[in-house]
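Values below: every heavy atom of this structure, side chains too, minus hydrogens, waters and symmetry copies. This one's a predicted model, so the numbers in the text were calculated from it and none came from an experiment. Lettering of chains follows the sequences in order, A, B, ..., and the numbering in each one begins at 1.
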4 protein chains.
Amino acid sequence: LFYIPSGPPVDGLIDELSRTLEEGDVIVDAGNSYWGDSLHRYQRLRGTGIHFVDCGTSGGVDGARHGACFMVGGEPEPIALLEPILKQLAVEGGYVHAGPPAAGHFTKLVHNGIEFGMLQAIGEGVDLLEHHRDKLDIANILRCWRHGSVIRSWLVDLMAEAFRQEAGLDKVPAYVDDTGEVNWLVSDALRMEVAIPVIAEAVMQLLASRDSEKSWARAIAMMRHGFGGHAYGPSESARAERILGRVEEPSPEKPRVDVQP
Amino acid sequence: LFYIPSGPPVDGLIDELSRTLEEGDVIVDAGNSYWGDSLHRYQRLRGTGIHFVDCGTSGGVDGARHGACFMVGGEPEPIALLEPILKQLAVEGGYVHAGPPAAGHFTKLVHNGIEFGMLQAIGEGVDLLEHHRDKLDIANILRCWRHGSVIRSWLVDLMAEAFRQEAGLDKVPAYVDDTGEVNWLVSDALRMEVAIPVIAEAVMQLLASRDSEKSWARAIAMMRHGFGGHAYGPSESARAERILGRVEEPSPEKPRVDVQP
Amino acid sequence: LFYIPSGPPVDGLIDELSRTLEEGDVIVDAGNSYWGDSLHRYQRLRGTGIHFVDCGTSGGVDGARHGACFMVGGEPEPIALLEPILKQLAVEGGYVHAGPPAAGHFTKLVHNGIEFGMLQAIGEGVDLLEHHRDKLDIANILRCWRHGSVIRSWLVDLMAEAFRQEAGLDKVPAYVDDTGEVNWLVSDALRMEVAIPVIAEAVMQLLASRDSEKSWARAIAMMRHGFGGHAYGPSESARAERILGRVEEPSPEKPRVDVQP
Amino acid sequence: LFYIPSGPPVDGLIDELSRTLEEGDVIVDAGNSYWGDSLHRYQRLRGTGIHFVDCGTSGGVDGARHGACFMVGGEPEPIALLEPILKQLAVEGGYVHAGPPAAGHFTKLVHNGIEFGMLQAIGEGVDLLEHHRDKLDIANILRCWRHGSVIRSWLVDLMAEAFRQEAGLDKVPAYVDDTGEVNWLVSDALRMEVAIPVIAEAVMQLLASRDSEKSWARAIAMMRHGFGGHAYGPSESARAERILGRVEEPSPEKPRVDVQP
């Protein structure tokens, strides 16, 4: 029984291990491998009698300390051996045998996609709070949302704690790095023919946070300059028109022209 | 001190109340009024000496029973009167004085926007689980995510419970109704010049769930027919090409052509 | 017969005109008024016997010189009077009586929404060309796309001309201003319950081009720091993992694990 | 000098050809191969003295008849041989040597991405026209947009023609098939770290047009049922609230509460 932390040299390690391991032994990849690779590894080892189990782990640094959440994929036999150990390492209830080989890493990947969508939604919400016409007590709004709200979640907990700790957003760079795994999920979704517009959008926004050139915006500015003679850069007259044209606040009680005839 | 449940006849009720109320009394609108209307109501009552407080309430049916989450906006004086009562009705910690008049309803609206983004992200994740090449134990995956995962949240709790209760998705209609409040938020964001792509996308998807005509898809099919002679409806040859062209699974270990030179 | 150029003081001008105009005269608003306002103006003037026609004008600076494209809304009687004049001012074929009052300005608004989607699509394409692993002859690619390609269009013409004229993108600011009209269309679509994800996304991207704070990205960075201990700012290790995990180029011929069982 | 039409058996054909071809001969892949494969093929043939040129072709059925648009990638020597022939087959101006090997197919792929964004933008516009409160003369609006408008383009031409020919949208299935190439581009963009939100959204919408299950919508309905007791399926009360809360039409002239303090 072995536990491999993660990543690219996995195949090398498996080769090495498969020379010393015996029939019935179990190799567990508990890292963030792509589920397609895990499926290949399972297939490669199947003939040798050595079992392969893929295990997605969630919960971050905190999870490692107080109990993580494990999603495993594999055949019943090795899973039966592992289950007692993983249940002990997991937080109460934080274990699932998700399905056959590769199901653990796939499930973890989907989890990460949901996480990206949630992060972006919360980020946009904080942005709106920051730009309200009146100054809001954002630190306490976030703290309040942790208790009894529909969006209560660990991510809101973390947002509230970080906002208080950093005394707002100003000191934090507007740049989000990531390890690229959710890119795999977007490519998977396209092949599976499942539309995931919000998860894909969240990935695009991470890329946007790292884009200081904004070539697309330069290109659009050039076309607009071409057809409208719009000047480059901020325009006072465009801004004035925008403000004049602002959509009025909706007032259910006031008469209005309706979109229905 | 009064408590108005919600909605459009609010102004009528306020007019009625303002005739019987005395200086120093407080009207609380705890419904889902638009924050712009709440601001107008506060301004209208200011001269009369009657206080107006806007109060966003989150937590749903469950919150009403076990303690809700309150976000209030208003001036310090009436808030001081209300605070002890609301804190008693709220779940522990589920109360915030978000800011000046209208801040309560604005904060609740932002909360609802975040909720929409989270709902769509989880919905897309469940869709991916449903379409994996192997059958997954989705009921237990969702239950597992409740414990120790990064995405643990009340919405994941509800998803897990509903999935088990309904024994999957099949019996539930693929149609999402909503009361249209997050539409206000999208219009607000445009005027505030804050980009909220994921929240806006989530709203668009709700509309899409209610769209059985898909006029846009018909129009696209017609243009494609025009330039490529593509037949209307599902095409076996297109499907075959799509499958042949499927992006391979990423394999960090294998050599590959890189996007970098 | 009068011709009003555009914008906010329209109602004042109409009031003034309606005092001197006689029954049967026609007021034409050929500016970018919101169609809901045009409907109100038509209704207001109906009783006076003065006709109101709304006229959306497209074609930009170039159109004004070589013939524009007119979309008019109104009742048959005043339209019959106007048609010969507008057809003369329009480029050959560039005139339509779109429908009853307000239809002209609504049609123009939809046109602008399509324009925004096209601009963003072309902008993203240019961005991809700029970031290819090898240096491409972008000026000539754009010029080539003007002739015989599926995307040939006036906007591609303008992009090609501007790219050549400015010798690339570098000198143009990455900032797109706009007059806010398409914001109206997004609000309309929400009320009409029509999903327009690409048009809405294009509007969001214009806002993003003007956002130098990126509060949302700061917020996401803070949550990621909270759960993963991810450092703030660019991370060499994240980048290394991302590169290792890059999705391989799809190769239809090579065997691979499929998403289907 | 050879001309290969397209697709997956390209490598087999190249193997066959390379046995009979001599040093200095040129193989041209004018199909829709993935540019990464074209790069591999170029590299494989380089040692043999046989030249490889990748050629993206645009223009559809019409282009084949009246002259297409060619984007070629390759080394100067074979390109010099091909240029006169391709220029003769192309529509006037519809030829570009885009860059080194693989640049032709990459450029064509970017072209297809832009095309998808344009198609979706036009489709959404037509959807809006269909749902206006008053009946519009859509056939003539589309025809008018062909002349002098900012969005004049071949795709608008095709839309106008198809709308007239099919007498509207009703007879066309709301289902869009595609050959999956733009999926490659989305995966490329993620690896290139270029955000292409509108192109990605357009791909997602094509998938959505083919999704009759809408599992994501079922999942969202279940969570909403969980927190709000919302009934499944269309709800009269939700609809009523939505209509009451409709955002009013923007009226630049009327006083209003602003988002700015």
Side-chain angles (χ1 to χ4, degrees), chain A residues 8 11 34 36-37 58-59 63 67-69 91 93-94 96 98-100 103 106-107 110-111 113-115 117-118 120-122 124-125 127-129 131-132 134 136-137 140-141 144 147-154 184 187 191-192 194 196-199 201-202 246-247 249-253, chain B residues 8 11 34 36-37 58-59 63 67-69 91 93-94 96 98-100 103 106-107 110-111 113-115 117-118 120-122 124-125 127-129 131-132 134 136-137 140-141 144 147-154 184 187 191-192 194 196-199 201-202 246-247 249-253:
Chain A
D11 281 317
Y34 178 63
D37 292 336
S58 177
C69 169
V91 73
V96 67
F106 179 76
T107 301
V110 172
H111 162 282
I114 295 173
E115 174 196 307
M118 285 183 166
Q120 180 67 24
I122 297 169
E124 293 176 9
D127 204 339
L128 286 166
L129 295 179
H131 287 87
H132 187 53
D134 295 313
L136 302 176
D137 183 356
N140 278 313
I141 290 168
C144 170
H147 307 285
S149 85
V150 170
I151 61 173
R152 62 188 186 258
S153 55
W154 195 44
W184 300 337
S187 295
R191 281 181 300 142
M192 294 164 74
V194 173
I196 51 166
V198 151
I199 293 175
E201 178 68 44
R246 271 186 189 144
V247 180
E249 275 75 17
S251 302
E253 297 81 6
Chain B
D11 282 316
Y34 177 63
D37 292 336
S58 177
C69 169
V91 74
V96 68
F106 179 76
T107 300
V110 172
H111 162 281
I114 295 172
E115 174 197 306
M118 284 184 166
Q120 180 67 26
I122 297 169
E124 293 176 7
D127 205 340
L128 287 165
L129 295 178
H131 287 86
H132 187 54
D134 296 312
L136 302 177
D137 183 355
N140 278 313
I141 290 167
C144 169
H147 307 285
S149 84
V150 170
I151 61 173
R152 63 189 186 257
S153 55
W154 194 45
W184 299 337
S187 295
R191 281 181 300 140
M192 294 164 72
V194 173
I196 51 165
V198 151
I199 293 175
E201 178 69 46
R246 272 189 187 138
V247 180
E249 275 75 17
S251 302
E253 297 81 7

Query raised in the report: Which is it for Phe106(B) and Asp134(A) under the side-chain contact (heavy atoms from CB on, under 4.5 Å) test, yes or no, and what are the steps along the way?
Result: CA-CA 10 Å; Phe106(B) 179 76; Asp134(A) 295 313; over 6 Å; no
Minimum-distance pair of heavy atoms, taken over all atoms of [X] and [Y]:
{"X": "Met192(B)", "Y": "His131(A)", "value": "CE-O, 3.2 Å"}
{"X": "Val198(A)", "Y": "Gln120(B)", "value": "CG2-CG, 3.4 Å"}
{"X": "Gly148(B)", "Y": "Cys69(A)", "value": "C-CB, 3.6 Å"}
{"X": "Gly117(A)", "Y": "Ala121(B)", "value": "CA-CB, 3.9 Å"}

Output the option from [options] having the highest count of non-hydrogen pairs under 4.5 Å with chain A.
{"options": "Gly113(B), Ala68(B), Gly94(B), Gly99(B)", "answer": "Gly94(B)"}
{"options": "Val110(B), Asp137(B), Asn140(B), Ile151(B)", "answer": "Ile151(B)"}
{"options": "Leu136(B), Leu128(B), Leu129(B), Ile199(B)", "answer": "Leu128(B)"}
{"options": "Asp127(B), Ile114(B), Val194(B)", "answer": "Ile114(B)"}

Query raised in the report: If only atom types and distance count, is the side chain of Glu201(A) paired as donor or acceptor with the main-chain N or O of Pro197(B) below 3.5 Å?
Result: no
Query raised in the report: If you count heavy-atom pairs under 4.5 Å with chain B, which of Gly67(A), Gly59(A), Ala103(A), Ala202(A) comes out on top?
Result: Gly59(A)
Query - Heavy-atom contact with chain A under 4.5 Å, split by part of Val150(B) - result: both
Query - Gap between atom CZ of Arg152(A) and atom NE2 of His111(B) - 0.5 Å precision - result: 9.0 Å
Query - Spacing of Thr107(A) atom OG1 and His132(B) atom NE2 [to the nearest 0.5 Å] - result: 7.0 Å
Query raised in the report: Is any side-chain heavy atom of Ile122(A) less than 4.5 Å from a side-chain heavy atom of Met118(B)?
Result: yes
